[in-house]
Amino acid sequence: MDAGQLQSQELGRLKKRAEFLFVRDGRYRAQGAVVVQARKNPNQEGLRVGFTATKKIGNAVIRNRAKRRLRETARKLLPEYGVPGTDYVFIARQNTCSRTYSDLVDDVKKALLTLAR
RNA sequence: UCAGAGGGUCGGGUGAUCGCGAAGUUUCUUCGAGGAAAGUCCGGGCUCCAUUAAGACAGGAUGCCGGAUAACGUCCGGCCGGCGUGAGCCGAGGGAAAGUGCCACAGAAAGCAAACUACCCCGUUUACGGGGAAAAGGUGAAAGGGUGCGGUAAGAGCGCACCGCGUUUUGGGUAACCAAAAUGGCAGGGUAAACCCCAUCCGGAGCAAGACCAAAUAGGGAUGGCUUAUGACGGGUCUUAACGUCGCUGUCCGGGUCGGUCGCGUGAGCGCGGCAGCAAUGCCGGGCCAAGAUGAAUGAUCACCACGCUUCGGCGUACAGAACCCGGCUUAUAGACCCUCUGGCAUU
RNA sequence: GCGGGCGUAGCUCAGUGGUAGAGCAUCACCUUGCCAAGGUGAGGGUCGUGGGUUCGAAUCUCAUCGCCCGCU
């Protein structure tokens with residue numbers, strides 16, 4: 001049982017509208033095909049993450065695929081680059097589905113590094 | 001070979017690694033979006049509410065005939081009308097003789113008929129009056145049957161022939177309807193996707209339905225204990241009497257929010273064969289179990305093959321994501337394939 | 001899941017089957033030394049799209065597209 005898998009199990013999900021509104025008032029970083037918002041939450045210790053795809057970027061197929069791709073990047077990158085005790089929100093943009101996967105990973109990595117400083 | 005008509009099928013495939021959801025025999029295995037899952041336009045199942053049950057009014061929907069179906073506004077077959085050389089396609093296609101309304105402009109006149117120009121007769125006189133007539137002109141989407149012959153002062157279904165229309169009879173058909181004959185002698189303009197009439201159908205809401213479990217806090221009810229009440233407060237004021245309300249705490253009960261569980265997938269199910277039927281479809285036999293999430297599961301990388309584009313590096317593979325389920329309708333859809341049929345041209 | 005409304009000129013809206021209109025905006029002219037205001041006039045419309053009913057449709061009707069709103 002390696003540490004990465006253990007941390008991914010602890011990756012919590014934001015579900016309620018109030019939680020998204022809480023993170024919206026924190027810091028944000030737009031990088032390439034993704035917007036990442038982050039805010040320290042004193043009430044809990046682990047990492048939590050939520051995903052948003054608005055109706056502006058396309059139909060249900062496009063929105064679902066964008067959220068899946070962002071979920072995949074969060075699963076791989078957050079345990080390494082995320083700051084514990086912080087809530088993150090990933091927002092999809094128009095080109096989230098058309099961007100190649102390696103570029104999307106770079107976007108998320110840069111955004112997380114910027115927000116960690 | 002060119003141009004078309006109708007119907008149907010598919011919707012990239014196989015494998016590997018890392019992740020996600022569900023189930024199971026839990027170190028693992030199996031399964032995991034669609035033909036439209038979409039729009040929510042109809043019809044049902046299921047659940048709750050109301051009602052003894054049924055009917056009526058209102059409102060809504062449907063509307064040629066027969067059949068299929070759990071039901072339908074769907075489907076199948078037929079009839080009639082329109083379009084097309086044709087294969088075929090389209091049609092809310094009952095009633096205008098129950099009543100009401102409307103038919104702009106133009107036109108003399110838009111509906112129990114009437115009479116502008118022109119026509120014919122008589123009188124008077126050429127600026128007229130009386131009568132006949134509804135063929136000609138012109139208006140309009142539409143002018144009280146159409147064409148021809150006779151007839152007449154001029155004309156007119158006034159008469160006749162054919163066509164149309166109405167009524168009756170006969171024959172065919174389950175019926176819509178079709179055909180024939182006789183008869184009437186032209187009435188009854190159009191519009192019901194105008195109101196309306198007739199026939200048939202419809203109780204309402206929706207899985208966020210509904211059922212169950214149930215924390216903290218606040219509050220409700222029952223009951224016991226403590227406190228006290230010769231008390232305080234209330235009904236406009238005062239007095240007396242009566243009435244009502246008011247503290248702390250234990251136990252029990254019920255409702256119920258966040259949350260959780262069920263509902264939730266064996267079903268009007270799928271495909272195969274046979275039989276009945278022109279068909280929709282039904283019946284019989286044996287086979288299969290095939291998503292079940294709830295801020296909502298399918299993503300990433302790689303290899304080979306298929307198709308398309310290519311600047312030979314590669315790029316792309318439509319429309320689109322289940323949310324209780326099912327039958328339809330409508331709309332979107334790169335491309336590929338199959339079957340049947342029609343017309344033209346060429347050849348044999 | 002259930003229900004309601006809207007779409008007409010560049011913008012905001014009228015228009016109850018019979019030739020599509022108003023205000024603002026645009027353009028031209030007048031007025032002024034110049035601008036604004038004011039006055040006169042002009043242009044500008046597939047009535048969201050496609051069928052149907054009707055002699056005739058922005059209007060009636062069916063389907064479809066887009067937008068907005070409400071309940072749960």
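We use all heavy atoms of the structure for the numbers below, so side chains are in, but hydrogens, waters and symmetry mates are not. Each chain gets a letter, A, B and so on, in the order the sequences are listed, and its residues count up from 1. Please read these numbers as outputs of a predicted model, since none were measured by experiment.
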Can you tell me how far P in rG292(B) sits from the matching atom in rU266(B), rounded to whole Å?
-> 9 Å
Are side-chain N/O atoms of Ser98(A) and Asn95(A) paired as donor and acceptor at under 3.5 Å?
-> no
Value in whole Å for how far the P atom of rA300(B) lies from NZ of Lys76(A) | 10 Å
Taking the P atom of each, how far is rG60(B) from rA208(B), in whole Å?
-> 33 Å
Searching all strands shown, indicate the nucleotide that pairs with rU200(B) (Watson-Crick or G-U wobble; both distances under 3.5 Å).
-> rA61(B)
Would you classify Arg63(A) as touching base, sugar-phosphate or nothing, given that sugar-phosphate means primed atoms plus P, OP1 and OP2, and contacts are heavy atoms under 4.0 Å?
-> nothing
Euclidean distance, atom CG of residue Asn64(A) to atom P of rC20(B) [Å, nearest integer] = 18 Å
Charged N-O contact under 4.0 Å between Asp87(A) and Arg48(A) = yes
Mind calculating the distance between CZ (Arg68(A)) and P (rA296(B)) to the nearest angstrom?
-> 11 Å
Separation of rC20(B) atom C1' from Phe51(A) atom CZ, nearest Å, is 12 Å
Nearest-Å distance once atom C1' is located in both rG146(B) and rC165(B) = 12 Å
Which one, rG299(B), rA33(B), rA320(B), comes nearest to the side chain of Val61(A)?
-> rA320(B)
rC103(B) and rG81(B): how far apart are their P atoms, nearest whole angstrom?
-> 34 Å
Base orientation of rA290(B), syn vs anti, 90° cut from 0 | syn
Between rC197(B) and rA98(B), how far is it from one C1' atom to the other, in whole Å?
-> 7 Å
Determine the interatomic distance between P on rU301(B) and the same-named atom on rG7(B); round to the nearest Å.
-> 43 Å
rU174(B) - base-pair partner by Watson-Crick or wobble geometry, distances under 3.5 Å | none
Atom C1', compared across rA192(B) and rG93(B): separation rounded to whole Å = 14 Å
When the distance from CG of Leu70(A) to C1' of rA300(B) is rounded to whole Å, what number comes out?
-> 13 Å
Test item: Tyr88(A) side-chain N/O and Ala74(A) main-chain N/O as donor-acceptor pair under 3.5 Å | no
Give, for atom CZ of Arg65(A) and atom CG of Asn59(A), the distance between the pair rounded to the nearest 0.5 Å.
-> 9.5 Å
Exceeds 12 heavy-atom contacts within 6.0 angstrom, atom OH of Tyr28(A) = no
Anti versus syn assignment for rG35(B), with syn defined as within 90° of 0 | syn
Looking across every strand, which nucleic acid part, if any, lies under 4.0 Å from Phe20(A) by heavy atom: base, sugar-phosphate, or nothing?
-> base
Using whole Å, report how far NZ of Lys67(A) lies from C1' of rA296(B).
-> 8 Å
Assign rU330(B) to syn or anti; the rule is syn for a glycosidic angle within 90° of 0 and anti otherwise.
-> anti
Between Ile62(A) and Glu72(A), which is nearer to the 5' end of RNA chain B once each is assigned its nearest nucleotide?
-> Glu72(A)
Protein-nucleotide distance (Asp107(A), atom CG; rA300(B), atom P), rounded to Å | 15 Å
Using Watson-Crick or G-U wobble geometry with both distances below 3.5 Å, tell me the partner of rC27(C), or none.
-> rG41(C)
Across all strands, who's sitting opposite rG7(C) as a Watson-Crick or G-U wobble pair, both distances under 3.5 Å?
-> rC65(C)
Watson-Crick or G-U wobble partner for rG255(B), using a 3.5 Å limit on both distances?
-> none
What is the pairing partner of rA71(B), taking Watson-Crick or G-U wobble pairs with both distances under 3.5 Å in any strand?
-> none
Base, sugar-phosphate, or nothing: which does Asn59(A) touch, judged by heavy atoms less than 4.0 Å apart?
-> sugar-phosphate
Under 3.5 Å: donor-acceptor pair, side chain of Arg27(A), backbone of Leu115(A) = yes
Would you mind pulling out the nucleotide paired to rG148(B), Watson-Crick or G-U wobble, both distances under 3.5 Å?
-> rC160(B)
Spacing of Leu104(A) atom CG relative to rA300(B) atom C1', expressed in whole Å = 11 Å
Charged N to carboxylate O under 4.0 angstrom, Asp107(A) versus Arg99(A)?
-> yes
How far does the P atom of rA96(B) sit from the matching atom of rA9(C), given to the nearest Å?
-> 44 Å
Note: Glu72(A)-Arg69(A) ion pair, threshold 4.0 Å (strictly below) | no
Taking syn as any angle within 90 degrees of 0 and anti as the rest, which one fits rG144(B)?
-> anti
Base orientation of rG7(B), chi within 90° of 0 counted as syn, else anti, reads anti
Do any side-chain nitrogens or oxygens of Arg75(A) fall under 4.0 Å of OP1 or OP2 in rC20(B)?
-> no
Hey, does the side chain of Arg71(A) come within less than 4.0 Å of rA296(B)'s phosphate (OP1/OP2), counting only N and O?
-> yes
Paired with rA306(B) by Watson-Crick or G-U wobble geometry, both distances under 3.5 Å: which nucleotide is it?
-> rU317(B)
